[in-house]
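Chain identifiers are assigned alphabetically (A, B, ...) following the order of the sequence lines, protein sequences preceding nucleic acid strands; residue numbering begins at 1 within each chain.
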2 protein chains.
Amino acid sequence: MRITKQQADENKARVVETAARLFREKGFDGISVAELMHASGLTHGGFYNHFESKEALETAACAHVFDKSVAAIEAIAAIAEPQERAEAFEAYRRRYVSRKVRDYSATACPMVAFAGDVSRQPAPVREEYAAGLRRYLQAFERASAADGLQGEAKRQARLRAMAGARTLARSVAETDPALSDEILEAAVAALEPAP
Amino acid sequence: MRITKQQADENKARVVETAARLFREKGFDGISVAELMHASGLTHGGFYNHFESKEALETAACAHVFDKSVAAIEAIAAIAEPQERAEAFEAYRRRYVSRKVRDYSATACPMVAFAGDVSRQPAPVREEYAAGLRRYLQAFERASAADGLQGEAKRQARLRAMAGARTLARSVAETDPALSDEILEAAVAALEPAP
DNA sequence: TGTACATCAGTGAACGCGCGTTCACTGATGTAC
DNA sequence: TGTACATCAGTGAACGCGCGTTCACTGATGTAC
């Protein structure tokens with residue numbers, strides 16, 4: 001059953017992508033190695049050909065998710081034309097607290113998806129998360145400053161309010177959708193438009 | 001080994017208190033029935049004399065924690081003298097984002113402690129959480145309005161920013177205390193003083 | 001009030017189950033000649 | 001280029017372990033007389 005080296009690399013990458021999706025949806029402890037492997041089209045026995053442990057995959061998935069989130073914000077901060085940049089950033093913030101994004105928890109922001117879980121995970125996972133969070137906060141701060149909002153405290157409050165809204169909205173999304181919607185709507189109402 | 005009815009009731013109450021503490025600290029799935037019973041000074045076999053299942057204890061603990069949190073805010077909202085009330089409320093908000101409170105995760109706010117876990121728990125636990133969150137938001141809104149801050153959207157943004165700060169600060173507390181402190185300090189800086 | 005017995009909170013061994021991980025095996029790929 | 005063999009990604013059964021839950025048992029409490 002030996003396969004091409006390239007095929008094997010693709011399989012590993014696919015497992016990380018699948019894990020990035022399912023860990024966000026169900027939590028690190030909410031999905032088993034066997035389930036992850038089957039969701040990636042493989043059987044569980046081969047897992048340890050690619051990863052030293054489940055913890056190693058958690059670390060890799062965490063880094064992967066933050067990479068994508070940070071890249072998305074940096075792309076906005078990098079827009080040269082100020083008006084266009086401000087509009088893209090406002091659209092980003094509006095999308096962040098939209099129902100659509102809340103309902104696809106598989107693509108959730110890593111801050112929201114992992115925050116509760118991560119402090120109970122082994123140290124390497126926690127460290128990857130902390131490093132990712134730092135990168136994310138810095139990228140957000142850059143985009144936020146470029147957006148023209150004055151005062152770092154105010155800019156950080158904006159981020160915290162967004163993250164708080166998503167966390168709370170998600171926690172009751174299945175059980176009390178009306179309350180969940182209310183929380184998001186209040187968050188949208190509180191968005192200051194781009195200047 | 002039969003004991004007094006009163007003694008048995010006290011034992012049950014103690015298990016709920018212990019669970020309220022340890023579920024917040026380690027998550028619903030982070031502590032076993034046996035550990036909970038031993039932490040309450042009992043052995044695990046007797047658990048099912050008091051609770052139908054672990055899930056039933058989770059529900060009871062969730063309600064218990066929200067009861068206490070809501071009572072704390074309502075006590076503030078009930079203060080008659082406006083100046084005194086506003087000061088008490090500001091002190092509450094300041095305490096909420098303090099390092100001291102962050103470092104005692106066993107007494108954490110239920111919104112922060114349970115938000116990540118709860119959406120993966122069985123329906124009764126989720127429902128108890130949703131009901132508790134509703135009560136908490138309403139109590140906070142009452143206290144916030146009595147504090148004199150204008151605009152419901154603004155008042156809710158304040159709550160979300162507080163919860164977001166605590167969630168993020170907690171998630172990196174062990175791994176990156178400096179970042180965790182930064183997040184809390186930014187939250188303190190963003191607190192509008194009572195009028 | 002005193003006696004006889006049923007009750008039931010608590011105990012600790014045992015259960016089945018799912019988990020992360022290991023292992024012997026397979027067979028196409030990659031390599032040495 | 002063709003052949004012989006070593007490599008190793010993938011397979012699925014099996015492992016030990018901790019979990020939630022069950023159970024037979026204990027013995028002081030509560031109750032019926």
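- Using a 4.0 Å heavy-atom criterion, one finds that His44(B) contacts the bases of the nucleic acid, with or without backbone contacts as well.
- Distance CE (Met37(B)) to P (dT21(D)): 13 Å, rounded to an integer number of Å.
- Toward the 5' end of DNA chain D, the nearer of the two residues Phe47(B) and His38(A), judged by each one's closest nucleotide, is His38(A).
- For the side-chain contact (heavy atoms from CB on, under 4.5 Å) with Asp147(A), the lone residue among Glu87(A), Arg93(A), Glu90(A) that qualifies is Arg93(A).
- If you check dG20(D), dT29(C), dA9(D) against the side chain of His50(A), the one that comes closest is dA9(D).
- Atom CD in Glu10(A) sits roughly 15 Å away from atom C1' in dT29(C) (whole-Å rounding).
- Of the two residues contacting DNA chain C, namely Lys54(A) and Thr43(B), the nearest-nucleotide position lying further toward the 5' end is that of Thr43(B).
- In this structure, CZ of Phe51(B) is placed 15 Å from P of dT22(D), rounded to the nearest angstrom.
- In this structure, Thr4(B) and Phe28(B) both approach DNA chain D, and ranking their closest nucleotides by distance from the 5' end singles out Phe28(B).
- Of all nucleotides present, only dC17(C) satisfies the Watson-Crick or G-U wobble test against dG18(D), with each distance under 3.5 Å.
- For Arg120(B) and Asp117(A), the salt-bridge test passes: some basic side-chain N is under 4.0 Å from an acidic carboxylate O.
- In this pair, His38(A) and His44(A) present their aromatic rings tilted. The plane angle is within the 30 to 60° band.
- If you measure from atom CG of Asp9(B) to atom C1' of dA9(C), you get 11 Å, rounded to the nearest angstrom.
- Figure legend. dT26(D) is base-paired to dA9(C); pairs are counted as Watson-Crick or G-U wobble with both atom distances under 3.5 Å.
- We find that Asp9(B) and Lys5(B) are joined by a salt bridge, their nearest charged nitrogen and carboxylate oxygen being less than 4.0 Å apart.
- One atom, NZ of Lys5(A), and another, C1' of dG10(D), lie 15 Å apart when rounded to the nearest Å.
- Of the candidate nucleotides dT7(C), dT21(C), dG20(D), dT21(C) has the atom nearest to the side chain of Ser53(A).
- Ser32(A) and Glu35(A) are linked by a side-chain donor-acceptor pair at a separation below 3.5 angstrom, with hydrogens and angles left out of the test.
- Closest contact between the side chain of Tyr48(A) and the listed nucleotides dG20(D), dG20(C), dC19(D) involves dG20(C).
- A straight line from CZ of Arg2(A) to C1' of dT29(C) spans 5 Å, rounded to a whole angstrom.
- Pairing partner, dT31(D): dA4(C), with both Watson-Crick or wobble hydrogen-bond distances short of 3.5 Å.
- Among the nucleotides dG10(D), dG27(D), dT29(C), the one closest to any side-chain atom of Leu42(A) is dG10(D).
- Here the P atom of nucleotide dT7(D) and the CD1 atom of Ile3(A) are 18 Å apart, to the nearest Å.
- Put simply, CG on Asn11(A) is 13 Å from C1' on dC8(D), counting in whole angstrom units.
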